[in-house]
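Below, chains carry the letters A, B, ... as their sequence lines are ordered, and counting in each starts from 1.
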Amino acid sequence: MERQDYERLRWRCIRRALLELDITLTRFLDDGFDQLTEEEQAAFVDLVALEDHDLWYLISGKEECNEDEARFVPVVEKLRKCSVRLAG
Amino acid sequence: MSIPVLKFDAVIVGAGGAGLRSAIQLSEAGLKTAVLSKVFPTRSHTVAAQGGVAASLGNSEEDHWHWHMYDTVKGSDWLGDQDAIEFMVRKANECVVELEHYGMPFDRTDDGKIYQRPFGGHMSNFGEKPVRRSCAAADRTGHAMLHAMYQRNVKANTQFFVEWMALDLIRDAEGHVVGVTAMEMETGQVVIFHTRATIFATGGAGRIYYSSTNAFINTGDGLGMAARAGIPLEDMEFWQFHPTGVAGAGVLITEGVRGEGGILRNANKERFMERYAPNAKDLASRDVVSRAMTTEINEGRGCGVNKDYVLLDITHLDPNTIMKRLPGIREIGLQFAGVDCIKEPLPVVPTCHYQMGGIPTHYSGRVVTPQNGDYNAVVPGFYAAGECACASVHGANRLGTNSLLDLLVFGKSAGDSAVEDLKAGKAHRELPKDAAEQSLARISAIDNRKGGANVHETRLAMQRTMQNHAGVFRFGDMLKSGVEKILEVEKAARELEIKDKSMAWNTARTEALEMENLIEVAKATMLSAEARKESRGAHVRDDAPDTPEFPNGRNDAEWLKHTLFNPVDNSITYKPVNMQPLTVEPIALKTRSY
């Protein structure tokens with residue numbers, strides 16, 4: 001990813017409406033994002049464009065991706081694992 | 001260097017609830033209106049507000065604005081201005097109904113009225129019994145509110161500048177505000193917004209504390225800009241705290257955890273609440289628990305490397321009970337503390353939530369400042385609303401659900417006042433020759449400095465200083481040493497260095513600029529808190545205890561007054577509280593007890 005695209009993405013991850021997302025997404029950018037495939041990185045960019053509550057419910061496992069959000073599934077799984085792995 | 005100038009009738013800085021509400025008034029009046037926001041409007045922190053908005057609609061049972069007024073004055077521990085409070089509570093119904101007409105999907109009763117929930121501190125008949133006054137949209141009240149108002153703004157042709165950061169207020173030689181400078185993040189370009197009205201709606205600055213429920217965006221940009229422009233900040237010692245946020249993260253742990261049997265322990269594993277509240281123990285009231293936690297930490301019995309948190313232990317509870325009765329707690333522990341609360345206790349600390357003070361305003365939304373003996377001289381061209389402003393309706397402590405009401409009422413009021421002033425026909429005043437100089441110099445210094453302070457480390461030093469020295473429970477000696485420490489941190493914050501020198505999307509530069517705003521708020525808070533030698537509302541001092549002479553430590557004879565912190569020379573003056581409502585008798589002083 002080009003520097004400018006990454007920095008734009010970073011801003012959109014570290015300045016959210018919800019604190020939970022600020023923390024989770026900042027952590028994922030530091031430890032997880034680099035390991036995504038190009039396709040997954042593109043999905044991540046679209047994923048973080050979701051409304052804050054919708055995104056947080058997906059990451060915290062309160063909700064699952066819809067059928068039309070199938071490409072988000074691997075990224076959401078990694079976001080969930082990233083949280084738990086770092087926690088352990 | 002030639003700086004582009006964009007001319008608008010009005011610029012609004014911040015696109016949360018207060019900013020969007022004021023923009024509606026201006027745009028619908030046909031004025032050319034710009035809204036600047038660091039993020040897309042519906043990603044503002046207003047989204048996080050869940051509790052609802054207070055209005056005495058009386059849909060569920062009898063209610064009256066006068067009772068709401070009483071609750072607000074009492075909540076404020078009598079530091080709120082009673083004219084502003086009457087103004088707010090009487091406007092509440094109108095503002096909520098307007099919002100409904102904008103498309104806000106409020107929860108409804110079976111007969112189609114706006115459903116109202118009970119909320120702590122909402123009482124009928126002047127404190128007699130609880131009343132249902134809070135209007136909500138499921139658990140997404142703030143979110144739904146922002147969407148409704150954003151769409152209304154789009155319809156009214158408000159021009160949004162998204163991912164722009166305002167940098168400095170522009171004042172001319174006579175003190176009139178004639179616009180702001182701002183930076184487009186995508187290009188790094190600095191632009192002057194030359195206006196006839198400038199409205200700040202930049203939200204709070206909860207990130208001055210190490211433990212805060214506030215999203216990272218709450219960096220007090222409006223307060224920093226006002227301070228740099230020589231405008232004093234009012235009542236900055238008053239911050240609302242929750243007793244149990246996850247240490248280091250700030251994410252709230254519901255008080256229900258203690259209700260289910262959670263025990264607070266110090267570094268010695270001691271159940272310390274037994275010493276502070278032998279009967280209620282861990283179920284003592286929020287302020288008692290917060291004070292006990294702070295005392296344990298201050299006396300060296302905190303946990304961790306820095307001994308700066310205590311433990312909330314539920315390992316003795318049946319895991320099934322935890323999963324069933326406290327849904328989400330295990331996930332919060334895992335995600336934000338790295339702890340499985342079924343096996344290990346959770347690190348917790350009293351956590352900052354809401355800023356009561358701010359830029360001093362009249363209830364019309366006009367910014368006021370002392371001048372020639374007048375405490376409330378209007379700063380022409382300048383308005384503020386929402387958490388960044390101090391009208392003052394929250395006084396020393398905010399009543400629950402009054403924050404969303406504040407941003408609706410005073411957002412609208414600031415917009416209306418700007419419209420009124422602009423319709424009076426004032427033309428754009430001339431821009432000062434050096435209008436952008438201060439901003440350009442700040443950016444240039446950050447970009448070019450070598451051997452300066454690291455932004456992250458400086459922010460952390462500020463946050464730890466604020467948390468340890470001016471937290472939920474305050475000690476005279478700690479406040480005194482806190483003043484020295486925060487002034488040291490200020491020196492570092494004025495000498496920031498960044499490694500990335502790029503123009504486009506330089507988030508390091510943006511964070512450095514935010515830090516320059518945060519430190520203004522932190523300094524104002526620490527110095528104002530040290531100076532106020534009583535306990536009142538959320539400002540509770542160990543050396544101003546509850547006595548028969550001074551119930552709750554409150555000393556009205558000496559301290560029934562607003563603090564004004566002057567950022568130019570770090571001096572403090574005071575101004576009287578307005579005890580005279582608009583139409584009713586004053587709510588007389590009495591001891592605040594629930």
Under 4.5 Å, heavy atom to heavy atom, which residues of [range] contact chain B?
| range | result |
| --- | --- |
| residues 13-23 of chain A | I14(A), R15(A), R16(A), A17(A), L18(A), L19(A), E20(A), D22(A), I23(A) |
| residues 42-49 of chain A | V48(A), A49(A) |
| residues 66-75 of chain A | none |

Under 4.5 Å heavy-atom distance to chain A, tell me which part of [X] shows up: side chain, backbone, both or neither.
| X | answer |
| --- | --- |
| T507(B) | both |
| D500(B) | side chain |
| H143(B) | side chain |
| S212(B) | backbone |
| E344(B) | neither |

Name the member of [options] that forms the most heavy-atom pairs with chain A at distances under 4.5 Å.
| options | value |
| --- | --- |
| T42(B), D340(B), V251(B), N218(B) | V251(B) |
| S502(B), A48(B), G250(B) | S502(B) |
| I332(B), N214(B), T46(B) | N214(B) |

Between E163(B) and R12(A), is there a side-chain N and carboxylate O pair less than 4.0 Å apart?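 Salt bridge between E163(B) and R12(A), a charged N being under 4.0 Å from a carboxylate O: yes.
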Please determine if D52(A) and R140(B) form a salt bridge, counting it only when a charged side-chain N lies under 4.0 Å from a carboxylate O.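 Judged by the 4.0 Å cut-off on N to carboxylate O distance, D52(A) and R140(B) do not form a salt bridge.
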Please flag which part of R10(A) lies under 4.5 Å from any non-hydrogen atom of chain B: side chain, backbone, both or neither. side chain
Identify which part of L55(A) has an atom lying under 4.5 Å from any heavy atom of chain B, answering side chain, backbone, both or neither. neither
Output for pair (I217(B) CD1, W11(A) CH2), nearest 0.5 Å, gives 6.5 Å
Taking atom CD of E63(A) as the centre, does the number of heavy atoms from other residues, nucleotides or ligands within less than 6.0 Å exceed 12?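 Atom CD in E63(A) is packed in, count exceeds 12.
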Verify the neighbour count for atom CZ of R325(B): are there more than 12 heavy atoms of other residues, nucleotides or ligands below 6.0 Å?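 Not more than 12 within 6.0 Å, no.
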Contact list for residues 212-223 of chain B, test salt bridge (Lys or Arg N to Asp or Glu O under 4.0 Å), sequence neighbours left out: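 Found K38(B)-D221(B).
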Evaluate the side-chain proximity of E51(A) to R43(B): yes if any heavy-atom separation is below 4.5 Å, no if none is. no
E331(B) versus S60(A), side-chain donor and acceptor atoms under 3.5 Å: no
Could you report the tightest heavy-atom contact between D139(B) and H53(A), atom names first, then the distance?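 In terms of heavy atoms, the two residues are closest at O-CE1, 4.4 Å.
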